Trainee: 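Before I ask anything, here is the structure I am working with.
What you see is a predicted model, and the numbers here were worked out from it, not measured in a lab. Chain identifiers are assigned alphabetically (A, B, ...) following the order of the sequence lines, protein sequences preceding nucleic acid strands; residue numbering begins at 1 within each chain.
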Protein chains: 2
Amino acid sequence: MSQAASSEGRDPTLATAVHRRLREDILSGRLAPGLKLKLRDLAESYGAGASPMREALSKLAAEGLAERLEHRGFRVAAAAPSQLEGLIRSRVLAECAALQESIRLGDAAWEDALVLAEHRLNRLARSLDSHRFATNPEWEACHLRFHQALLEACGAPQLLAFCDRLREEARRYRALANTVAYPDRDVAAEHAAIARAALDRDAETAAALLAQHYERTGAFVGADLGRRAG
Amino acid sequence: MSQAASSEGRDPTLATAVHRRLREDILSGRLAPGLKLKLRDLAESYGAGASPMREALSKLAAEGLAERLEHRGFRVAAAAPSQLEGLIRSRVLAECAALQESIRLGDAAWEDALVLAEHRLNRLARSLDSHRFATNPEWEACHLRFHQALLEACGAPQLLAFCDRLREEARRYRALANTVAYPDRDVAAEHAAIARAALDRDAETAAALLAQHYERTGAFVGADLGRRAG
DNA sequence: CGAAGTCAGAATTTCGACAAAATCTCTCCC
DNA sequence: GGGAGAGATTTTGTCGAAATTCTGACTTCG
């Protein structure tokens, strides 16, 4: 009757369902970097044949979340601290460029959306528990929306898609490091400062603040990752 | 006996071979944008089964060169003038950011490689025929290398890979427009100016020149594309 | 004792057939 | 004459098995 019968399981095809699940398993860190992905085991584990599984893996490889070795199957993409550095730099460069262009081109609607996104983000608690950190899915969603809203007026769809992908890869590193990311750091203030600079059309400051925002998180994650993997 | 028996046909797997051929057919414009890609026809045409073909298509879809419609197969990705605009903007933003960082971080080896790449490019003729334009594959290869050399020191592998992808998509639009790209325009001088600014560590000027370089080409292509497709 | 060659075992890749979904066509009814 | 609906056709998505390739251990030779 209703269009969205169930929030889960409404995947039109098995391959896409497997792709989504596998992707989430890699991003959340449940599948360790470098892990060999044996087709037979996966097929059994996810309850699908070889064809959809292979298609999902192929897609993941194209996205950079898996690695393909011809005639030797697939592996979960590596995730070394040294690679994290390059990822952060890519993110900073791409997002700062998009942000500056967004500030240059953004109209009133962009400003409205940005203000709204920040307000919604501030209304929520970052942690579900005030004593120890417990991810708040709603906050995460609003956080994503806020950062997207910042860049959205840049008029470069491919670049935005690229930023989304880097964001996801960064999420993977965060999950791998298991960084609590709840240090003495006023994230809300950082967001407010970035939004303020953007709304003031101060591209230089906004970009610098955004870069700091990412580099700081990156440093935490990198430290934690390095400590645990030598 | 020799490691590289033949320059062609050394594809380890059928799926990758088909992927490469299909990719080239899309990039070169032989397969029109929006064209329906029927699995059976393709399989027959490329001499492969459904499995490798499907895998190749899936990969192309992830790269953005094909479009997937669940339960309705694949199509060649659209290519409208309006999308070209966004592509150019993405390219300019991404490459300028990479170039500026490259100029900031580049060492002596980077300078050497850049000088070398420009020299090799200048040694070749852009057209094989001096009367009417005929693509010179060697020049194209050196041109690619030159632009890669510019960005290579930025230390952001993902961003570089992204730039490569955008470059390919741009090549597709050029092929579709069939732009002769041989107008009264001193491309060599433009390259020289960009290289000079980069070697002088003048990031602002270099980025501005690079942006002009792309926007100018984009304008030509867009005009030709718009004229032909309404 | 070390290195190259060889041979089973395991895994990936590919093929052909089956099932499910979408598109098309033709008919029937308003 | 036009639109809706049922059936046939085409096309996609999936499965299980065959063919090719890689891995690892054992043997043999220098």
Side-chain angles (χ1 to χ4, degrees), chain A residues 1-6 8-23 25-26 31-32 34-63 65-78, chain B residues 1-6 8-23 25-26 31-32 34-63 65-78:
Chain A
M1 284 227 177
S2 63
Q3 280 188 46
S6 161
E8 279 266 75
R10 57 174 166 76
D11 281 302
T13 196
L14 237 179
T16 62
V18 168
H19 170 68
R20 178 180 333 214
R21 287 179 57 191
L22 205 44
R23 170 202 197 79
D25 284 345
I26 293 176
L31 265 46
L35 181 70
K36 180 113 176 54
L37 294 167
K38 268 182 278 205
L39 213 54
R40 265 194 74 94
D41 298 355
L42 286 178
E44 170 143 15
S45 175
Y46 288 88
S51 307
M53 198 52 87
R54 164 171 285 277
E55 190 168 327
L57 285 168
S58 185
K59 216 165 163 183
L60 286 171
E63 293 173 60
L65 266 60
E67 208 174 329
R68 159 167 224 165
L69 297 88
E70 305 273 352
H71 284 288
R72 264 176 284 177
F74 297 85
R75 308 164 69 97
V76 178
Chain B
M1 275 203 197
S2 63
Q3 279 189 46
S6 161
E8 279 267 76
R10 56 176 165 76
D11 281 302
T13 197
L14 237 177
T16 62
V18 167
H19 170 67
R20 179 179 332 212
R21 287 180 57 191
L22 203 46
R23 170 201 198 81
D25 284 346
I26 293 177
L31 265 46
L35 181 70
K36 181 115 176 53
L37 293 168
K38 269 181 277 202
L39 215 53
R40 263 195 71 94
D41 298 355
L42 286 178
E44 171 144 14
S45 175
Y46 289 87
S51 308
M53 199 51 87
R54 166 171 285 277
E55 189 169 329
L57 285 168
S58 183
K59 217 165 163 184
L60 286 172
E63 293 174 58
L65 266 59
E67 209 174 327
R68 158 164 225 166
L69 298 89
E70 306 274 352
H71 283 289
R72 264 177 283 178
F74 297 86
R75 308 165 69 95
V76 178

Trainee: To check you understand the geometry: which heavy-atom pair defines the closest contact between B:Lys36 and B:Gly73, and what is its length?
Mentor: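 Nearest pair, atom of B:Lys36 first, then B:Gly73: NZ-CA, 4.3 Å.
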
Trainee: A:Leu42 CG to C:dA11 C1': how many Å, rounded?
Mentor: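 Spelled out: CG on A:Leu42 to C1' on C:dA11 is 13 Å.
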
Trainee: Counting only side-chain N and O atoms of A:Lys36, is one of them less than 4.0 Å from OP1 or OP2 of C:dA10?
Mentor: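 Checking C:dA10 against A:Lys36, no side-chain N or O comes under 4.0 Å of OP1 or OP2.
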
Trainee: Within the structure shown, what part of the strands sits under 4.0 Å from B:Leu57 by heavy-atom distance: base, sugar-phosphate, or nothing?
Mentor: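 No contact.
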
Trainee: Need one value for A:Ala15: base, sugar-phosphate or nothing, where a base atom within 4.0 Å counts as base even if backbone is also close, heavy atoms only.
Mentor: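 Result for A:Ala15 = sugar-phosphate.
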
Trainee: Using heavy-atom distances to pick each residue's nearest nucleotide on DNA chain D, tell me which of B:Ser51 and B:Leu37 is more 5'.
Mentor: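 Result: B:Leu37.
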
Trainee: Nearest whole Å is fine: how far is C:dA10 P from A:Glu44 CD?
Mentor: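 Going from A:Glu44 (CD) to C:dA10 (P), I get 16 Å.
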
Trainee: Tell me the closest heavy-atom pair linking B:Glu67 and B:Ala78, and the distance in Å.
Mentor: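 Between these two residues, the closest heavy atoms are OE1-N, 4.0 Å.
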
Trainee: Is any side-chain heavy atom of A:Tyr46 closer than 4.5 Å to a side-chain heavy atom of A:Asp25?
Mentor: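 In contact.
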
Trainee: Measure from CD on A:Glu67 to P on C:dT12 and round the result to the nearest Å.
Mentor: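 It is 15 Å, rounded to the nearest whole Å.
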
Trainee: How is A:Thr13 classified with respect to the nucleic acid when contacts are heavy atoms under 4.0 Å: base, sugar-phosphate, or nothing?
Mentor: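 It contacts sugar-phosphate atoms only.
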
Trainee: Count the heavy atoms of every other residue, nucleotide or ligand shown that sit under 6.0 Å from CD of B:Glu70, and state whether that count exceeds 12.
Mentor: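 Yes, because the 6.0 Å sphere around CD of B:Glu70 holds more than 12 heavy atoms from other groups.
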
Trainee: In whole Å, what is the span from the CZ atom of B:Arg54 to the P atom of D:dT11?
Mentor: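 Checked: the CZ to P distance equals 14 Å.
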
Trainee: Which one, C:dA11, D:dT12, C:dT14, comes nearest to the side chain of B:Lys38?
Mentor: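 Ranking C:dA11, D:dT12, C:dT14 by closest atom to the B:Lys38 side chain puts D:dT12 first.
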
Trainee: Looking at D:dT14, C:dT14, C:dA11, which one has an atom nearest to any side-chain atom of B:Pro52?
Mentor: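 Of the options given, the side chain of B:Pro52 lies nearest C:dT14.
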
Trainee: Which listed nucleotide (D:dT12, C:dT13, D:dG13) is nearest to the side chain of B:Leu39?
Mentor: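 So the side chain of B:Leu39 is nearest to D:dT12.
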
Trainee: Respond yes when some side-chain nitrogen or oxygen of B:Arg75 is under 4.0 Å from OP1 or OP2 of D:dT11, and no when none is.
Mentor: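 For B:Arg75, the contact criterion (side-chain N or O under 4.0 Å from OP1 or OP2 of D:dT11) is not met.
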
Trainee: In whole Å, what is the span from the CE atom of A:Met53 to the C1' atom of D:dC15?
Mentor: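 Taking CE of A:Met53 and C1' of D:dC15, I get 13 Å after rounding.
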
Trainee: Nearest-Å distance, CZ (A:Phe74) to C1' (D:dT21)?
Mentor: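 Atom-to-atom, A:Phe74 to D:dT21, this comes out as 15 Å.
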
Trainee: Can you give me the closest heavy-atom contact between A:Val18 and A:Ala56, atom names plus distance?
Mentor: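 Shortest heavy-atom contact: CG1-CB, 3.8 Å.
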
Trainee: Nearest-Å distance, CD (A:Glu70) to P (D:dT21)?
Mentor: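 Nearest whole value for this atom pair: 13 Å.
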
Trainee: Return the value, rounded to whole Å, for the distance between atom CG of A:Leu69 and atom C1' of D:dC22.
Mentor: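 Nearest whole value for this atom pair: 12 Å.
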
Trainee: Does OP1 or OP2 of D:dT23 have a side-chain N or O of A:Arg72 closer than 4.0 Å?
Mentor: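 Indeed, a polar side-chain atom of A:Arg72 lies that close.
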
Trainee: Report yes if a side-chain nitrogen or oxygen of B:Arg40 is closer than 4.0 Å to either non-bridging phosphate oxygen (OP1 or OP2) of D:dG13; otherwise report no.
Mentor: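 So the side chain of B:Arg40 is outside the cut-off, no N or O lying under 4.0 Å from OP1 or OP2 of D:dG13.
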
